[in-house]
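Each remark here refers to the structure printed beneath this line.
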There are 2 protein chains.
Amino acid sequence: MTRPYSIGDLARACDAKVQTIRHYEAIGLMPPAARTEGGQRRYSQAHLKRLKFIRHARELGFGLAQIRALLELADAPEQPCARADAIAREQLAEVESRIRRLEALRAELARMLRECRGGRVADCRVIEILADHELCRFHHAAEDERKEKERAAPPPVKARRRGRGRARVEGL
Amino acid sequence: MTRPYSIGDLARACDAKVQTIRHYEAIGLMPPAARTEGGQRRYSQAHLKRLKFIRHARELGFGLAQIRALLELADAPEQPCARADAIAREQLAEVESRIRRLEALRAELARMLRECRGGRVADCRVIEILADHELCRFHHAAEDERKEKERAAPPPVKARRRGRGRARVEGL
DNA sequence: ATGGCAGCTACAACGATTGGAGGTTCAAGC
DNA sequence: GCTTGAACCTCCAATCGTTGTAGCTGCCAT
Ligand SMILES: [Zn+2]
Ligand SMILES: [Zn+2]
Ligand SMILES: [Zn+2]
Ligand SMILES: [Zn+2]
């Protein structure tokens, strides 16, 4: 029979801003709270638990859409948990992919800085490499996608000649 | 004496969407292009070079504000390059920090999935851990900050007793 | 009853990009 | 020279999750 929580109580307990909690209600992630006569929100233990779940999942990097799905599952405890695990696996894959990209980025940034001997901007290795990808060893994802696409389905000649004769300008 | 480029030419050459180029102009990152009588943009080699620089830096994870600073430096080649290197170092630090966070995330997600034996949602390790950070080994950044802050400057009693007697409710 | 923190709604901003609607221009091909 | 249609134009809105602000009103202790 604990007393109901104010929105500020929830915010403190779950490490969320008050605004954020109202936002979750607005988008239907948190169920509407009861209200005092004056219109202020009063939350139950169940609300508290739900918000803790949401905030914890957020800190672990899940998106609100994923969290919505996870909450629905958590409300149906007799269901098989395959879908929950799938969402977590998807998130893990996403995290791993970001790590790979960031590690490549780190390598290239470190190389720039290692190679720069200081001096004038005109000789700065950082600026040079940024200005010219040919000097760069970073494996840009966009590049792969483009090459992939062109190998899979080479664009029709018509598409290549877009720009009314100005496409494929010399020097590009 | 190459012919001027259309916005679409630039987009193809620099792997950017047409919209994005117009956006860069709107926020002053790209200088305004010349216009035909009909109002269409016509770009020079210099524009092309600048956009390539921007897009390359974007792919390496720099923010537009950082890129703005780097472009100013690139336009002043006699300046010392210390500031450019500092921006790159800052970016490297940011990337490294993100990698550390993502690696901790990856470990916790992998642990959830490893420990889940399948079955009902009621027994799902993924749901359990999301619902209760006590079961979690992830080193949440927010936690550290909070503890840090409280050690450095414990909030006044008045602040702790916010909520008009309802803060610090039992069970929190 | 008065002070003052906490709450309320509604809207805008962040960062960077993308999508769409609704209309105009350009150059290729005839 | 005319037609055709892709490419261009501007303006506005959405994405994602959160935060800030303005201008109020409510709640509770003193
Ligand atoms: Zn340098
Ligand atoms: Zn590159
Ligand atoms: Zn499971
Ligand atoms: Zn945790």
Side-chain angles (χ1 to χ4, degrees), chain A residues 3-12 14-30 32-43 51 54-55 57-68 94 142 155-169, chain B residues 3-12 14-30 32-43 51 54-55 57-68 94 142 155-167:
Chain A
R3 262 172 293 183
Y5 308 107
S6 74
I7 195 168
D9 293 337
L10 248 70
R12 277 185 296 282
C14 303
D15 195 45
K17 291 278 197 291
V18 165
Q19 323 268 64
T20 305
I21 302 174
R22 288 199 279 251
H23 176 62
Y24 290 162
E25 181 182 313
I27 64 173
L29 201 59
M30 283 289 284
R35 300 281 187 140
T36 64
E37 288 182 13
Q40 299 197 1
R41 291 171 179 82
R42 289 297 120 101
Y43 291 97
L51 183 56
I54 295 171
R55 293 308 294 172
R58 278 301 288 135
E59 291 195 54
L60 289 167
F62 291 89
L64 296 188
Q66 293 175 306
I67 292 173
R68 204 184 289 266
E94 172 67 29
V157 175
K158 193 171 178 185
R160 282 193 170 278
R161 299 185 61 255
R162 267 168 322 193
R164 292 143 278 127
R166 275 182 294 92
R168 305 282 149 210
V169 180
Chain B
R3 261 172 294 182
Y5 308 107
S6 74
I7 196 169
D9 293 337
L10 249 70
R12 278 184 295 282
C14 303
D15 194 45
K17 293 278 197 293
V18 165
Q19 322 267 62
T20 305
I21 302 174
R22 287 199 278 251
H23 175 64
Y24 289 161
E25 181 181 314
I27 63 172
L29 201 57
M30 283 288 286
R35 300 281 188 140
T36 65
E37 288 182 13
Q40 299 198 1
R41 290 171 178 81
R42 287 299 119 100
Y43 291 97
L51 183 57
I54 295 171
R55 293 307 293 172
R58 278 301 288 133
E59 291 195 53
L60 289 167
F62 291 89
L64 295 189
Q66 293 175 306
I67 293 173
R68 205 183 288 266
E94 172 67 30
V157 175
K158 193 171 179 185
R160 281 194 171 276
R161 300 186 62 255
R162 270 165 323 191
R164 294 143 275 130
R166 274 183 294 90

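Values below: every heavy atom of this structure, side chains too, minus hydrogens, waters and symmetry copies. Source: prediction; values computed, not measured. Below, read A as the first sequence line, B as the second, and so on, with proteins coming before strands; counting in each chain starts at 1.
For T36(B), a side-chain nitrogen or oxygen approaches OP1 or OP2 of dC26(C) to under 4.0 Å. Put simply, R41(A) has a side-chain N or O that comes within less than 4.0 Å of OP1 or OP2 on dC8(C). When the side-chain nitrogen and oxygen atoms of S6(B) are compared with OP1 and OP2 of dC26(C), none of them lie within a distance under 4.0 Å. For dG17(D), the OP1/OP2 oxygens have no side-chain nitrogen or oxygen of Y24(A) closer than 4.0 Å. For dA16(C), neither phosphate oxygen OP1 nor OP2 lies less than 4.0 angstrom from any side-chain nitrogen or oxygen of T20(B).
Nearest to the side-chain atoms of H23(A) among the listed nucleotides dG17(D), dT17(C), dC26(C) stands dG17(D). Among the nucleotides dG19(C), dT19(D), dT17(C), the one closest to the side chain of K17(B) is dG19(C). Taking every side-chain heavy atom of R35(B) into account, dT10(D) is the closest of dA16(C), dT10(D), dG26(D). Which of dA16(C), dA27(C), dG7(C) sits closest to the side chain of R42(B) comes down to dA27(C). Here the nucleotide nearest the side chain of R58(B), chosen from dA16(C), dC8(D), dC27(D), is dA16(C).
The shortest non-hydrogen separation linking M30(A) to I54(A) is SD-CD1, 3.8 Å. Smallest separation of non-hydrogen atoms from I21(A) and A16(A): CG1-CB, 4.2 Å. The minimum heavy-atom distance linking Y43(B) with A33(B) is given by the pair CE2-CB, 3.3 Å.
When rounded to the nearest whole Å, the span between CD of Q19(A) and P of dA13(C) equals 16 Å. A straight line from CD of Q40(B) to P of dG5(D) spans 18 Å, rounded to a whole angstrom.
Using a 3.5 Å distance cut-off with no hydrogens or angles, the side chains of R12(A) and Y5(A) do not pair a donor with an acceptor.
Mapping R22(A) and E37(A) onto DNA chain D by nearest heavy atom places R22(A) at the nucleotide closer to the 5' end. DNA chain C is contacted by both G39(B) and F62(B); F62(B) maps to the nucleotide lying nearer its 5′ end (nearest heavy atom per residue).
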